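Read the structure below first, then the notes.
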Amino acid sequence: MISQKQNDLYTRVGPGTPCGTLLRRYWQPVALVDEFAGKRQVKAVRLLGENFVLFRDAAGRYGMLDRDCPHRNADLSFGRLEHGGLRCPFHGWLFDADGNCLETPAEPVGSTLCKKVRQKAYPTEVRSGVVFAYIGPGTPPAFPELDCFAAPDSHTFAFKGLWECNWLQSLEVGMDPAHASFLHRFFEDEDPEASYGKQFRSTTFDTDLPITRVLREYDRPEIGVTPVDHGLRLTTLRRIDEAQTHVRVTNIVFPQAFVIPMSPEVTISQWHVPVDDHNNFWFTIFTSFTGPIDKATMREQRLATYPEPDYRPIRNRSNSWGYDPDEQKAATFLGMGFDINIHDQWACESQGPIQDRTREHLGTSDKGIIAYRRMLSRELERVEKGERPLMCLTPEEAPAMRGPVSYDGVDRSGDVERYWREGDAKRRADAPWGGKVEA
Amino acid sequence: MTDVTFILRDGSREVVDIAEGMSVMQGAILNDVRGIDGECGGCLSCATCHVYVESLEAGELPPMGEDENGLLDGVAAERRPNSRLGCQLLAAPGLKGLVVRVPERQV
Ligand code: FES
Ligand SMILES: [Fe+2]
């Protein structure tokens with residue numbers, strides 16, 4: 001439970017707000033490279049309550065500019081991509097990827113107006129199928145060398161989706177390991193062979209138990225939360241019997257991402273990026289530690305529920321997320337199908353556009369959420385004092401920011417920490433792209 | 001309505017009017033009194049609404065329950081004879097002149 005003032009402090013991210021100022025100190029995912037594969041190479045982007053246009057010019061360079069044309073403020077996302085830039089359809093002003101005005105065709109011959117106008121442009125970088133942009137002050141921070149950035153293109157796949165609620169409640173789902181035993185409960189286990197590209201469906205390391213069964217039958221996990229260089233590490237233990245403990249190691253990468261295992265082969269790195277105070281996009285990079293990722297299958301699976309061009313899920317508040325009371329009786333805990341992404345979407349969207357945290361009651365199993373809010377408070381104070389916040393990395397610091405360890409398996413040795421550390425190290429050593437252990 | 005006085009870490013005093021049936025912790029959070037966290041929202045799972053009861057002019061505070069007593073053993077600041085959890089101190093008719101001091105730390 002927190003005061004209204006504190007809730008506003010954590011959730012409001014528009015220009016000039018404390019949290020908006022903090023989040024502007026980081027590279028933010030703004031689009032998928034796949035969105036530029038079709039015929040239209042210009043996209044409207046809304047990030048942290050501000051409007052931008054993102055385009056790829058004829059030379060293949062990405063440009064992100066303020067969306068309103070500096071002439072009379074028409075919407076440049078309807079612009080024409082031509083002559084080395086983006087042309088406003090209202091009066092034909094032309095801009096390049098750096099925001100330079102190249103032409104003002106209605107002005108008299110010899111006019112120098114276009115030399116005096118500049119549209120604000122923002123740095124962009126492409127990593128693992130995601131276009132990142134930096135809209136904060138000064139030079140952008142360095143990218144950490146996390147697995148999702150270190151793995152080659154063949155071993156990563158990126159996707160995104162819109163959730164219609166505040167960013168923080170979506171991120172908080174990722175630091176709440178207890179919910180998986182309830183929200184994602186299936187009454188029957190399915191054939192693990194049919195689980196490609198899905199989370200919590202296969203078996204896990206060192207056991208034949210389906211993970212659906214472990215979650216269902218062992219629903220009172222012991223949760224450990226440790227502050228680490230990149231944010232928080234959560235270890236979730238489910239004691240199966242005297243001899244066996246299921247352990248799941250997950251991470252919060254400050255300020256806005258979590259890194260969790262999807263299956264023994266693949267990890268999920270997921271950002272929750274505020275569109276504005278009431279909407280956020282999740283951006284996920286799937287990273288394979290074994291073979292290349294079957295991107296076509298992964299994309300097709302996800303487009304079926306998050307269609308282009310908006311990536312807004314077909315199950316949403318307007319159709320009660322497809323809720324089926326018969327299914328809830330017979331097959332799943334929630335009654336909204338077997339896709340756990342939809343379960344998480346329902347959980348956070350159903351809390352309202354901004355969760356009213358003056359009305360919540362947190363328990364022992366919510367200690368990840370409590371630890372994160374403390375960390376967020378501390379970093380907000382730092383930024384207010386003009387200091388550099390956590391994970392706003394210098395080029396010297398970035399190479400040491402590796403991993404992080406994320407693991408899911410069953411320990412029989414009794415030394416759980418050693419078990420997951422060794423298991424993770426082995427998985428990395430075996431990765432064809434040479435994944436490096438967390439520093 | 002009951003006036004409760006909080007003595008903050010810097011020694012200043014803040015008076016909050018707390019509605020009947022609400023706890024000292026809820027009153028503090030809803031009015032943004034600094035130094036009382038009440039992370040769990042009052043379900044006795046966190047011990048971050050620790051206060052020292054300095055004085056009370058009239059009325060009676062609810063007696064300490066077993067759960068509260070147990071949690072007070074784990075508070076971050078020193079436990080003293082007048083330590084209580086704010087979530088267990090309910091504003092009630094007849095309660096007058098309650099003064100509580102915010103401890104040095106809650107975590
Ligand atoms: S408003 Fe864009 S060219 Fe005129
Ligand atoms: Fe979930």
Side-chain angles (χ1 to χ4, degrees), chain A residues 1-12 17-19 168-169 171-172 175-179 219-227 231-232 234 252 351-352 354-382 384-385, chain B residues 4 6 8-10 14-19 21-51 65-77 84-91 100 102-107:
Chain A
M1 180 178 179
I2 55 178
S3 65
Q4 188 57 47
K5 192 171 156 204
Q6 201 69 15
N7 202 29
D8 287 339
L9 179 72
Y10 291 157
T11 54
R12 306 275 178 184
T17 58
C19 197
L168 181 60
Q169 66 212 53
L171 186 69
E172 284 181 341
M175 44 188 111
D176 166 15
H179 82 271
D219 58 7
R220 255 184 244 278
E222 258 170 64
I223 301 167
V225 184
T226 316
L232 297 171
L234 285 82
I252 294 295
Q351 291 170 317
I354 300 181
Q355 183 198 348
D356 180 357
R357 293 179 177 78
T358 66
R359 295 173 55 80
E360 69 182 2
H361 294 82
L362 301 182
T364 305
S365 61
D366 298 305
K367 56 166 84 149
I369 291 172
I370 289 171
Y372 177 80
R373 290 185 196 165
R374 275 186 204 144
M375 188 169 269
L376 183 57
S377 294
R378 193 188 65 207
E379 298 308 316
L380 285 167
E381 276 171 31
R382 269 194 182 174
E384 209 195 332
K385 283 192 260 168
Chain B
V4 175
F6 294 87
L8 306 185
R9 284 176 194 154
D10 63 4
E14 201 169 322
V15 181
V16 169
D17 197 359
I18 298 179
M22 257 205 192
S23 71
V24 164
M25 179 278 290
Q26 282 170 310
I29 297 287
L30 296 177
N31 290 283
D32 211 41
V33 173
R34 306 317 295 167
I36 296 190
D37 291 348
E39 281 163 347
C40 79
C43 49
L44 279 171
S45 66
C46 79
T48 58
C49 60
H50 180 202
V51 293
E66 223 175 278
D67 287 344
E68 182 185 355
N69 190 20
L71 278 173
L72 279 167
D73 284 337
V75 290
R84 293 292 306 260
L85 292 181
C87 65
Q88 302 305 302
L89 307 178
L90 300 186
V100 299
V102 169
E104 271 318 299
R105 40 190 299 210
Q106 295 286 4
V107 297

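Owing to the predicted nature of the structure, the values given are computational and were not obtained by experimental measurement. The chains referred to below are lettered A, B, ... by the order of the sequence lines, with proteins before strands, and numbering in each begins at 1.
Looking at A:Asp366 and A:Glu360, their side chains never come closer than 4.5 Å, going by heavy atoms from C-beta outward. Taking 4.5 Å as the limit, some side-chain heavy atom of A:Thr11 sits within range of a side-chain heavy atom of A:Arg357. Between B:Ile36 and B:Val102 there is a side-chain heavy-atom pair separated by less than 4.5 Å.
No part of B:Asn31 comes within reach of chain A, as not one of its non-hydrogen atoms sits under 4.5 angstrom from that chain. No part of A:Arg373 comes within reach of chain B, as not one of its non-hydrogen atoms sits under 4.5 angstrom from that chain.
In summary, A:Arg378 and A:Glu381 do not engage in a salt bridge, as defined by a charged side-chain N under 4.0 Å from a carboxylate O.
Put simply, the side chain of B:Gln106 gets close to the backbone of B:Gly35: a donor and an acceptor are under 3.5 Å apart.
Within residues 42-51 of chain B, the residues that have a heavy atom under 4.5 Å from a heavy atom of chain A are B:Gly42, B:Cys43, B:Ser45, B:Thr48, listed by number.
With respect to chain B, the highest number of heavy-atom pairs below 4.5 Å among A:Arg374, A:Lys5, A:Lys367 belongs to A:Arg374.
More than 12 non-hydrogen atoms from other residues, nucleotides or ligands lie less than 6.0 angstrom from CD of A:Gln4.
The structure places OG of A:Ser365 at 10.0 Å from CZ of A:Arg220, a figure rounded to the nearest 0.5 Å.
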